[in-house]
Each structure stands twice: as structure tokens, then as C-alpha cells.
Amino acid sequence: IFQIFNIPPSELEHLQHELNDRTALAMAGTPERLQMIVRDYFEATWFTVPGSSEIVGTLAGSRPGDTFADLIFSFVFSKILDRITAAFSQHGWKTESPPPPAKSQFQQSCDLKSFPDFVQLTWADDLAVLQKQPSAKELVDRTSLAMGVLCDICWKHGLEPNFHPGKTEGMLHLRGAQSKAVKKDIFDQEMPELQVPSTLRNDVRLRIVAKYKHLGYAVTTGHKVHAEIVARIGQMRTAFTKFKKIVYGNRNIPKAKRVRILGTHVLSILRYNLGTWPLLQERDWKLYNGAIMSLYRVLARADIPEQQMRYWSDARVLAYLEVSSPMDILHEARLSYFASMTRSGPDELWSICQANTAWYQGIEAAFGWLEWNTAGYHTALEAEYRQQQWLHLIQHEPRQWKKWIKTARMHSVRQAAIAEHLTRWYDDFSDMASEAGLLMPAEFETPARGPCRAICMSAMPQNFQDESWKECA
């Protein structure tokens, strides 16, 4: 066994110590009865094959495809991660997380110096190690050393890190003094890589990349999401094109059903991790908005002639289909992700998010959208109380929270349809008035403050007062 995993014979003593020590379940405080159940679950397991009357027995482990294997692996892997963390601490690296920040929909002051040097994020057998260092050279050196420590511990436990492209890779975001010289040393070669110091194997190298796909998400350096947007749009269009003529462009299928199918089979692909996106730059927003609106226009074109569709604005397409706008989809996804993070997110994730100003700006904008679209369903006093109780609803009344999200979505769609209808009415009125010889003023004078404006000011966010007052007037 040691030869298969290239483990030196000197590690035999450590293995004997592991086998003679208490089991991992016992160390975790698991009752003896449950330990016996787990032991029995792994003994004499069997399964059948469709089309055969034979029974297949497994000599070790759980049955193939059994979800219990994932549970046990995660439990054992957590013990290995504890040893990796302990090894990092022995090198003098800070691994303790700072006191968790208070959970809030508003960004709080965050001291980056209090962050640990290393943070581990794990999903099943996918491990991501985040680290920060005061200088570019230290970051590179400690990345190599940390990778060597991690690989040695994995090899000692019979785990084989996969160094193939797209598997075990590193990303470096180098800034500060001497960062240009360090970048030149690393990236001035055909295949950027770092030498990994290992006590068990020779010539171990870590490939350095600018983009990495982790759990289906395209991660790039510099907090950019352009690559992820391009990837999501590509997957979404592939799923859409498959049934474009049969379903989405088929006028024999009712419009409401086509819209529902689009949301289930196409937009669901886009919503994956959509709540993690920060505020989008202009280029990214045009790409994201244009992709969704192009799908919407295909649905509308099934009922509306092409010559007429050419002159339709995006607002008119949304009003005709009665669907959420791309911005509303983004707001709702951010609120959904924030709710999941509030209920089950680790403290390290909250600390990282507090340091991400662009992401928190998106969260604050999403809550502003939620409050704006639900403000008219209660009195001003009740609305103010509800704004202070969003976290309580998320944690203790999830059904009520989802109800408010649904209310905000429906209200936003209907208000946008009304606004588009009034805009078209005004445009038609202006055209007819001009044809009749009437002169339309270029601008309207701002009306005096009155009861209606006072209500608008109390119910609307500050940055929406002027424009919303014009619509209301």
C-alpha cells in the first residue's frame, strides 16, 4: 500500500499510531451505539445490477453511489483539514478568524489586518485556500510552502491531489512594492508555475492561471466577473437554442406557459451563483442585460410581427410579457443569496464579504428595491419597522420573507408596465398634438410642494424622489 501511494516506510510508525488511537467518531463525541451502526453500515454491503439476478458484495466501504460515502468522506476530510491548519500554525501563520461581524444588510467597517493569513473553504472534496501577505514576494514564497505542506499531509493520508489542467491550480493577485518584478519572474514564461517544496516527492509544480473554474463558477483575478458572465450567457443560450423554434418561438403555446418554461429551463442557469456578483460595470451590464432581453424578444416575436417589434423598447417587451427585468432578476438573486448566507454562512464568509465593497453595494441596492416595492402595502410606521426586521424574517420566518420577495417582484413588474403605458400614451399624445399644430413645451416647471409630494418623499428613497415625483405628478 505504501508503494502504491509513494509513501516512505518511515511513515509506518505514524500509521500504527493512527490505528491504535481513538476513532474519529469517538473523538467527535459520537455515542457508542451510533458508532456501531456506522461500523455495521460498512460491513457486508451489497447491491444488485439491473437485468441480473446476481448479488454483488463489496469488500470495503459503502455501496457504489451511496450518498453515505460523501458524508463519511466529508467527516474524514475535515480531520485532515484540521491537521493542515495545525501545520500552518506551526509555521507561525495566523489561522484564527477575527470576531465575526454582525450580520447586517449594510456594510460595516472592516479591518483587513485582523484577517487570518489563510482561510479554507471546502465543498466535498473541492478545497480552496485563500491567503494574504504583506508583500508580493512573501505571497509567492508562502504559496509554494503552503502547497507543499498541504500536499505532504494529503499524500500521508492516501489522498492524491490532481495536478492536471483545470484541477489543482493557483491564482496570484500581486500588488504593492516590487510586484512588477515578481510578476516578470513568474509570468515571463510559456507556462507560469511555482516549484512546490515537498518532503515526499520531487519536482512538484503548481500551475499558475488567470482564470479557474471552481464549483461551476469562473473565478478570475482582480474581482472581475466578466468571464463568469460570458460563460453563463453561453450556457443559457445553448439551452435556449435547443428549443427555440419548438417552444419559445411557437405561437401555438400560450405566452404565459412559454415564459414559465423559459424561467425554469433557461434563466435558472443564469441564476446559479448570480447573487455573488458585485455591482456590474457598464460593459458587463450591457452584456448581461442584452442577453436576457434578446431571449425575451424571441418570446414576444412569436406573437408580434417583426416589422412592429423593431420599434419596441425593452420596457415595452417586458410589459407585454409581464416578466421581471434583468435588474429585478439580479436584485432577487442577491437577496436570495444573502438570506442563505444569513442562515448558514460561516463567519469567515461574512468577514470576506464585509471587505468586498462592490458586492455589499449590490446587496444594499437590492434591499432598497425590496423596501421600495413593498412600502405601499403598510403604513409608514409599519414599513419602517419591517425594514429593521428583515434579518428576523430571514432567520425565523422564511415563508414570510419569501412572501415579501414575491410581493416586491409582482409590484415591480406591474409598476414598470404602468410606467411604460403612460410613456407611450404621452408619446402618442405629443405626436397627435404636433400634427394638430399645437406647440408642446420642451420642459415642465416643477410643481409646488403639496400633500402628494410629501407622501412621495416619505415613501421613496432619497435618490428616487425627483424622478418618481414626475411620474406621480
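We number each residue from 1, following the sequence as shown.
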As a quick check of understanding, evaluate side-chain contact (heavy atoms from CB on, under 4.5 Å) for Gln105 and Glu364, giving each step before the final call. CA-CA 6 Å; Gln105 62 264 44; Glu364 293 175 1; 6.0 Å; no

Taking the six-membered ring where the residue is Trp, are the ring centres of Phe338 and Trp350 under 6.0 Å apart? yes

Determine whether Cys154 and Leu150 satisfy the following criterion, side-chain contact (heavy atoms from CB on, under 4.5 Å), listing intermediate values before the conclusion. CA-CA 6 Å; Cys154 287; Leu150 190 150; 3.9 Å; yes

CD1/Ile84 to NE2/His157 distance, rounded to the nearest 0.5 angstrom? 8.5 Å

For the backbone of Thr342 and the side chain of Lys103, can you confirm whether one donor and one acceptor N or O come within less than 3.5 Å of each other? yes

Heavy atoms of other groups near Gln281 CD, more than 12 under 6.0 Å: no

Would you check if Leu174 and Val140 make a side-chain contact, meaning some heavy-atom pair closer than 4.5 Å? yes

Under a 3.5 Å distance rule, please check whether Glu228 uses its side chain to pair with a backbone N or O of Ala218 as donor and acceptor. yes

For Ala291 and Ser294 the tightest heavy-atom approach is O-OG, 2.6 Å

Examine distances only and state if a side-chain atom of Arg343 and a backbone atom of His396 form a donor-acceptor pair shorter than 3.5 Å. no

Taking the six-membered ring for Trp, are Tyr320 and Tyr296 ring centroids under 6.0 Å apart? no

Donor-acceptor contact below 3.5 Å, side chain Thr276 vs main chain Asn273: yes

Which pairs of donor and acceptor atoms, one on a side chain in residues 235-246, lie under 3.5 Å apart (sequence neighbours left out)?
{"unit_1": "Gln235", "atom_1": "OE1", "unit_2": "Arg232", "atom_2": "NH1", "d": "3.2"}
{"unit_1": "Thr238", "atom_1": "OG1", "unit_2": "Gly234", "atom_2": "O", "d": "2.8"}
{"unit_1": "Thr241", "atom_1": "OG1", "unit_2": "Arg237", "atom_2": "O", "d": "2.7"}

Which atom of Gly170 lies closest to which atom of Leu206, heavy atoms considered: N-CD1, 3.9 Å

For residues Val323 and Leu299, determine if any side-chain heavy atom of one lies less than 4.5 Å from a side-chain heavy atom of the other. no

Strictly distance-based, threshold 3.5 Å: is any side-chain N or O of Arg207 a donor or acceptor partner for the main-chain N or O of Glu169? no

Which of these passes side-chain contact (heavy atoms from CB on, under 4.5 Å) with His265: Ile269, Leu262, Leu267, Ile261? Ile261

Main chain of His164, side chain of Thr168: is a donor-acceptor contact present, judged purely on distance under 3.5 Å? no

Roughly how far apart are Leu139 CG and Leu172 CG, rounded to 0.5 Å? 5.5 Å

Passes side-chain hydrogen bond (donor to acceptor under 3.5 Å, both in side chains), Gln415 versus Ser412? Steps please. CA-CA 5 Å; Gln415 285 295 101; Ser412 180; over 6 Å; no

Are Ile208 and Thr143 packed together at the side-chain level, in the sense that at least one heavy-atom pair is separated by less than 4.5 angstrom? no

Are any of the side-chain nitrogens in Lys224 or Asp284 under 4.0 Å away from the carboxylate oxygens of its partner? no

Report the C-alpha separation of Tyr248 and Leu295 in whole Å, then their side-chain angles, then the decisive distance to 0.1 Å, and conclude whether the side-chain contact (heavy atoms from CB on, under 4.5 Å) test is met. CA-CA 9 Å; Tyr248 306 114; Leu295 304 184; over 6 Å; no

On the 0 to 90° scale, with breaks at 30° and 60°, tag the His91-Trp93 ring pair as parallel, tilted or perpendicular. parallel

Donor-acceptor contact below 3.5 Å, side chain Glu322 vs main chain Val413: no

Going by heavy atoms in the side chains, are Trp312 and Arg297 under 4.5 Å from each other? yes

Report yes if the side chains of Met293 and Pro326 come closer than 4.5 Å at any heavy-atom pair, otherwise no. yes

One should read off an interatomic distance between Ile229 CD1 and Arg283 CZ, to the nearest 0.5 angstrom, of 8.5 Å

Determine whether Val149 and Ile153 make a side-chain contact, defined as any pair of heavy atoms from C-beta on separated by less than 4.5 Å. yes

Keeping the roles fixed (side chain from Asn373, backbone from Trp369), state whether a donor-acceptor pair exists under 3.5 Å. yes

Taking all heavy atoms of Glu420 and all of Ala319, pick out the closest pair and write down the distance. OE1-CB, 4.2 Å

Rounded at 0.5 Å granularity, tell me how far CH2 in Trp404 sits from CD in Gln400. 7.0 Å

Here the gap from Ser336 atom OG to His331 atom NE2, rounded to the nearest 0.5 Å, amounts to 14.5 Å

Are the side chain of Arg258 and the backbone of Gly249 linked by a donor-acceptor contact shorter than 3.5 Å? no

Residue pair Leu279 / Gln361: nearest heavy atoms and the distance that separates them: CD1-OE1, 3.2 Å

Answer whether the closest heavy-atom distance between the side chains of Arg142 and Gln131 falls below 4.5 Å. yes

In sequence, state the C-alpha distance, the side-chain angles, and the governing distance for Trp390 and Leu370, and then conclude on side-chain contact (heavy atoms from CB on, under 4.5 Å). CA-CA 10 Å; Trp390 288 129; Leu370 176 62; 3.7 Å; yes

First locate atom SG of Cys151, then atom CG of Leu159, and finally report the distance between them rounded to the nearest 0.5 Å. 11.0 Å

Within 6.0 Å of NZ in Lys211, more than 12 heavy atoms from elsewhere: no

Does Gln307, at its CD atom, have more than 12 non-hydrogen atoms belonging to other residues, nucleotides or ligands within less than 6.0 Å? no

Taking every heavy atom of Cys353 against every heavy atom of Met341, the minimum-distance pair comes out as SG-SD, 3.8 Å

Glu332 pairs by side chain to side chain donor-acceptor pair (under 3.5 Å) with which of Arg409, Lys406, Arg271? Arg409

Among Tyr288, Tyr272, Trp359, Tyr217, which residue satisfies the ring-ring contact (aromatic ring centres under 6.0 Å, His included) criterion with Trp277? Tyr288

Is the number of heavy atoms from other residues, nucleotides or ligands within 6.0 Å of NZ (Lys255) greater than 12? yes

Around atom CD of Glu282, are there more than 12 heavy atoms of other residues, nucleotides or ligands at under 6.0 Å? no

Residues, nucleotides or ligands: over 12 heavy atoms within 6.0 Å of Arg251 CZ: no

So do Val317 and Met309 actually touch side chain to side chain, heavy atoms under 4.5 Å? yes

If you draw a 6.0 Å radius around NE2 in His173, do more than 12 non-hydrogen atoms from other residues or ligands fall strictly inside? yes

